[in-house]
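Contents: one structure, followed by commentary.
Order of listing sets the numbers, starting from 1, for every ligand and every atom in it.
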Amino acid sequence: MSKPERLTILGSTGSIGKSTLDVAARHPEKFHIYALCANRNWQTLLEQVTKFQPELAVLADESAAGQLRDAVKERKLNTKVLAGKTALAEVSAEADTVMAAIVGAAGLLPTLAAVKAGNKVLLANKESLVMAGSLFMDAVRQHESLLLPIDSEHNAIFQCLPENMSSLAEAGVRKILLTGSGGPFRETPIQDLSSVTVAQACAHPNWSMGQKISVDSATMMNKGLEYIEARWLFAAAPEQIDVILHPQSVVHSMVQYNDGSVLAQLGQPDMRTPIAHAMAWPERIESGVESLDFTRLGELSFSAPDLQRFPCLGLAIEASKVGGSAAACLNAANEEAVEAFLSERIGFTDIARINSEVLEQHSVIDVQNIDTVLAVDAQARQSAQQLIRTLTC
Ligand code: NAD
Ligand code: MG
């Protein structure tokens, strides 16, 4: 029997991180938890370290890492505790497989480090592709990293495409149909959106997720980021992707072929399915997710998204078409705006307003290297913060 794969989880204390550990725990003969990494939640990480006894635990926050180190010592565990961004990147390069599940721009450098080490990378952190898609995909090719999508839609598309596809055209693909539920405000009167609360925005009708992606789902910025992600992952032209509303989240996305066939991947809205799929690919393993019961499903409906209700979706598609630094700028503005909404400094509809204004102010440049991306990210955050201040005073 072959040795278990050494798995590092970036963002192990989050929603995707916990689901990954749940799947890994079902297959100890296949996966050995090598390193667990998070931001500052040392208490949850301590519980995970106690259960999985990895070689390494890393926290981005130095003082939280200190607390974890003391607690690990007290429990007489053998896990070595490291701190800081450099350690995150170093650990990402060491394992066989890396689950990239840090939220936001903070995921870019450690995920890229895993790619550059030629590791198998299970990509949940869509923001790295949004920010630096061309550099990221170049690195995947250059370092022969195996990149497998975790985002349920992209995992579904991957499952519906032929293996070793050289291009969508050669595979006879007419369109990728990217589905999205429309989130909690699909039918809320548009005039009421300015006063929705954080709790309402985070209450996704079908999926249980971290706060940032939940708000992105409510604005449909998430679908916009996924549109950009899909363009990079599958080398798709803008006209090769359609976004379709599908409120039940049963069909996770589809691929339409030249002959009129449409292949779809269906399943429960539970991230353990795409996670298990990518972890075991090309095998199939038990994920803990129940099968769909078609006799009890009820109606599956589909419609076109309304870009007036969801301006963030339109902004992301536009930024993707413009190319260069536009998507990195939009992503950074959005992270700041979502953070301001979550801390109740701005209203829900201000998110789109800030994103639109920051993108408008931005002079698009070519993205030559990661430093350019980071500079655009920093500049866009500054512009967004300025706008947030004018809205709050
Ligand atoms: P989450 O908020 O639940 O967890 C985020 C994780 O990232 C935590 O472990 C946190 O400690 C870590 N983190 C945050 N900032 C960090 C930093 N500066 N350094 C190191 N670690 C840091 O988020 P989530 O819902 O699990 O989402 C994670 C990623 O997966 C996001 O990019 C999201 O878009 C993507 N994704 C999530 C889902 C889902 O169902 N939750 C589905 C598809 C894609
Ligand atoms: Mg998704």
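With respect to atom 5 (C) of ligand 1, the closest heavy atom belonging to the protein is Val103 CG1, 3.7 Å. For atom 42 (C) of ligand 1, the closest heavy atom belonging to the protein is Met271 CE, 3.6 Å. Closest to atom 44 (C) of ligand 1 among all protein heavy atoms lies Asp151 OD1, 3.6 Å. For atom 34 (O) of ligand 1, the closest non-hydrogen atom on the protein side is Lys126 CE, 3.1 Å. Atom 26 (O) of ligand 1 has its closest protein heavy atom at Ile16 N, 2.9 Å. Considering only non-hydrogen protein atoms, atom 4 (O) of ligand 1 sits nearest to Gly14 CA, 3.1 Å. Among all non-hydrogen protein atoms, the one lying nearest atom 35 (C) of ligand 1 is Ala124 O, 3.1 Å. Atom 25 (O) of ligand 1 has its closest protein heavy atom at Gly210 N, 2.9 Å.
Distances below 4.0 Å separate heavy atoms of Ala60 from the following atoms of ligand 1: 19 (N), 20 (C). Near Asn125, with a cut-off below 4.0 Å to any heavy atom, the atoms of ligand 1 are 32 (O). Contact atoms of ligand 1 toward Leu88: 19 (N), 20 (C) (distance under 4.0 Å to a heavy atom of the residue). Below 4.0 Å from some heavy atom of Thr13 lie the following atoms of ligand 1, by number and element: 8 (C), 9 (O), 10 (C), 11 (O). Within the listing of ligand 1, atoms 17 (C), 18 (N) sit less than 4.0 angstrom from a heavy atom of Ala106. Near Ala101, with a cut-off below 4.0 Å to any heavy atom, the atoms of ligand 1 are 6 (C), 7 (O), 28 (C).
Not one N or O on the side chain of Ser325 forms a donor-acceptor pair closer than 3.5 Å with the backbone of Val376.
Under 4.0 Å from ligand 1, the heavy atoms of Glu127 that appear belong solely to its side chain.
In this model, no donor atom of one side chain and acceptor atom of the other lie less than 3.5 Å apart for Ser19 and Asp22. Side-chain contact of His204 with Ser181: a donor-acceptor pair under 3.5 Å is present, judged by distance alone. Defined by atom type and a distance below 3.5 Å, a donor-acceptor pair is present between the side-chain atoms of Glu127 and Asn125.
Salt-bridge annotation for Glu226 and Lys223: present, with a side-chain N of the basic residue lying under 4.0 Å from a carboxylate O of the acidic one. Between Asp138 and Arg141 there is a salt bridge, since at least one side-chain N of the basic residue sits less than 4.0 Å from a carboxylate O of the acidic one. Remark: Arg75 engages Glu47 in a salt bridge, criterion side-chain N to carboxylate O under 4.0 Å. Note on Glu5 versus Lys120: salt bridge recorded, some NZ/NE/NH1/NH2 to OD/OE distance being below 4.0 Å. The pair Glu153-Lys126 does not meet the salt-bridge criterion, since no charged nitrogen lies less than 4.0 angstrom from a carboxylate oxygen.
Take the N/O/S atoms of Glu153: the one nearest the Mg ion (ligand 2) is OE1.
Considering backbone and side-chain atoms together, Gly11 places an N or O closer than 3.5 Å to an N or O of ligand 1.
Considering Ala64, Ala38, Ser15, Ser19 only, the shortest heavy-atom separation from atom 24 (P) of ligand 1 involves Ser15. If you check each of Ile213, Asp216, Thr20, Asn222 against atom 36 (N) of ligand 1, the one with the closest non-hydrogen atom is Ile213.
Atoms OD1 of Asp151 and OE2 of Glu226, as seen from the Mg ion (ligand 2), are separated by an angle of 90°, to the nearest 10°.
Rounded to the nearest 0.5 Å, atoms CD (Glu335) and CZ (Arg381) are 4.5 Å apart. The CZ atom of Phe341 sits 11.5 Å away from atom CD1 of Ile354, with the distance rounded to the nearest 0.5 Å.
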Steps toward side chain to side chain donor-acceptor pair (under 3.5 Å) verdict (Gln379, His362): CA-CA 9 Å; Gln379 173 64 52; His362 177 63; over 6 Å; no
